[in-house]
Amino acid sequence: MNQFEDPKGASWRCFAVDSLPEAPVRIIQVGEVRQHNPPSTWSVFVQNHALLPVNSVTVAAAVVDVNGNLKGIQPLPAIKNLKPGQLQRRETRIRVTVIAPTDRVVFYVRELMGESGEWKATESDVAALIRTAAQRLPVP
């Protein structure tokens, strides 16, 4: 995935950043799952693009305010044994903070362990990526 290529479903309200561009797992779709009774849940789809299986993938959801500042980070449960080409969907309710109408949810791959190597995103690099993406997708 190119750093300026947004996953399917991305909008100003929910998007993803490529925190580990050299890793074989990509976020390919994000979205807000609206409920009859608020609050909404948030979904993310990850896919293994490698020829080898991935032992463990941890995706995190960050809540960002209107200025691009992080309000909280919530790791999702790890995805285990992601086979080559396999697609996994995860859905979560944000519990780390209250989401204001102008806040956004950003997904990123936090940690990945596989036969081809181990990757871990640094929080400072992810914060800079999120801030840049938030400026590119301004709140209407």
Side-chain angles (χ1 to χ4, degrees):
M1 181 179 355
N2 182 332
Q3 95 181 53
F4 297 113
E5 205 175 285
D6 293 324
K8 186 176 175 187
S11 68
W12 72 269
R13 183 89 167 127
C14 180
F15 56 94
V17 294
D18 194 5
S19 58
L20 300 171
E22 68 282 350
V25 172
R26 297 281 178 259
I27 294 175
I28 61 165
Q29 185 175 349
V30 295
E32 179 179 6
V33 182
R34 294 187 181 260
Q35 308 289 328
H36 288 290
N37 298 324
S40 296
T41 58
W42 305 87
S43 67
V44 61
F45 290 80
V46 295
Q47 187 171 27
N48 182 2
H49 291 284
L51 298 174
L52 296 170
V54 173
N55 299 339
S56 174
V57 179
T58 303
V59 176
V63 178
V64 181
D65 69 10
V66 71
N67 298 321
N69 300 319
L70 287 174
K71 288 177 70 175
I73 296 175
Q74 176 175 316
L76 279 63
I79 299 169
K80 303 284 186 188
N81 195 23
L82 194 60
K83 294 179 179 26
Q86 185 179 12
L87 177 70
Q88 282 278 326
R89 178 181 192 268
R90 289 292 184 258
E91 193 171 305
T92 188
R93 192 175 299 269
I94 302 296
R95 301 188 192 298
V96 292
T97 185
V98 175
I99 299 177
T102 57
D103 288 346
R104 309 169 244 196
V105 175
V106 183
F107 289 102
Y108 67 94
V109 177
R110 189 176 205 181
E111 190 174 355
L112 186 134
M113 286 183 272
E115 294 180 25
S116 58
E118 293 185 14
W119 293 269
K120 186 171 175 95
T122 59
E123 299 299 325
S124 61
D125 292 344
V126 170
L129 284 171
I130 290 172
R131 201 169 294 110
T132 302
Q135 290 171 350
R136 204 169 43 84
L137 297 166
V139 175

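Values reported hereafter were calculated over all heavy atoms of this structure, with side chains retained and with hydrogens, waters and symmetry mates removed.
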[Y] and [X], any side-chain heavy atoms less than 4.5 Å apart:
X	Y	value
L76	V44	yes
Q86	Q47	no
W119	P24	yes
S19	V109	yes
V54	L112	yes
F107	V105	yes
V59	V46	yes
P53	E115	yes

From [atom1] ([X]) to [atom2] ([Y]), nearest 0.5 Å:
X	Y	atom1	atom2	answer
T92	Q74	OG1	CD	4.5 Å
Q29	S43	CD	OG	6.5 Å
T122	R110	OG1	CZ	11.0 Å
N81	Q88	CG	CD	9.5 Å
D125	I130	CG	CD1	11.0 Å
S40	R34	OG	CZ	5.5 Å

Atom of [X], atom of [Y] and distance for their closest heavy-atom approach:
X	Y	value
V64	V106	CG2-CG2, 3.6 Å
R26	E22	NH2-N, 4.5 Å
L51	P84	O-CG, 3.5 Å
W12	P138	CB-O, 3.6 Å
A78	R90	O-NH2, 4.2 Å

message = Is there a continuous path of hydrophobic side-chain contacts, each under 4.5 Å between heavy atoms, that joins L52 to M113?
response = no

task = Determine whether L70 and L137 fall in the same hydrophobic cluster, where Ile, Leu, Val, Met, Phe, Trp and Tyr are linked whenever their side-chain heavy atoms lie under 4.5 Å apart.
result =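 Cluster IDs for L70 and L137 match.
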
message = Walk me through whether R131 and R136 qualify under side-chain contact (heavy atoms from CB on, under 4.5 Å).
response = CA-CA 9 Å; R131 201 169 294 110; R136 204 169 43 84; over 6 Å; no

Salt-bridge present (K120, E118; N to O < 4.0 Å) =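 No, this pair does not count.
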
request  = Decide whether E91 and T41 meet the rule of one side-chain donor and one side-chain acceptor closer than 3.5 Å.
outcome  =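 There is such a pair between these side chains.
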
key: Pair E111, S56: side-chain N/O donor-acceptor within cut-off below 3.5 Å   = no

inquiry  = Donor-acceptor pair, distance only, cut-off 3.5 Å: does the side chain of N48 make one with the backbone of A50?
reply    = yes

key: side-chain contact (heavy atoms from CB on, under 4.5 Å) partner of Y108, the single match among I73, L20, D18   = I73

Positive for side-chain contact (heavy atoms from CB on, under 4.5 Å) with I99, one of R13, R104, K71 = R13

request  = Carefully, step by step, assess W42 and I94 under the rule side-chain contact (heavy atoms from CB on, under 4.5 Å).
outcome  = CA-CA 8 Å; W42 305 87; I94 302 296; 3.5 Å; yes

request  = Not counting sequence neighbours, which residues clear side chain to side chain donor-acceptor pair (under 3.5 Å) with R93? List them please.
outcome  =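 Result, side chain to side chain donor-acceptor pair (under 3.5 Å) vs R93: none returned.
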
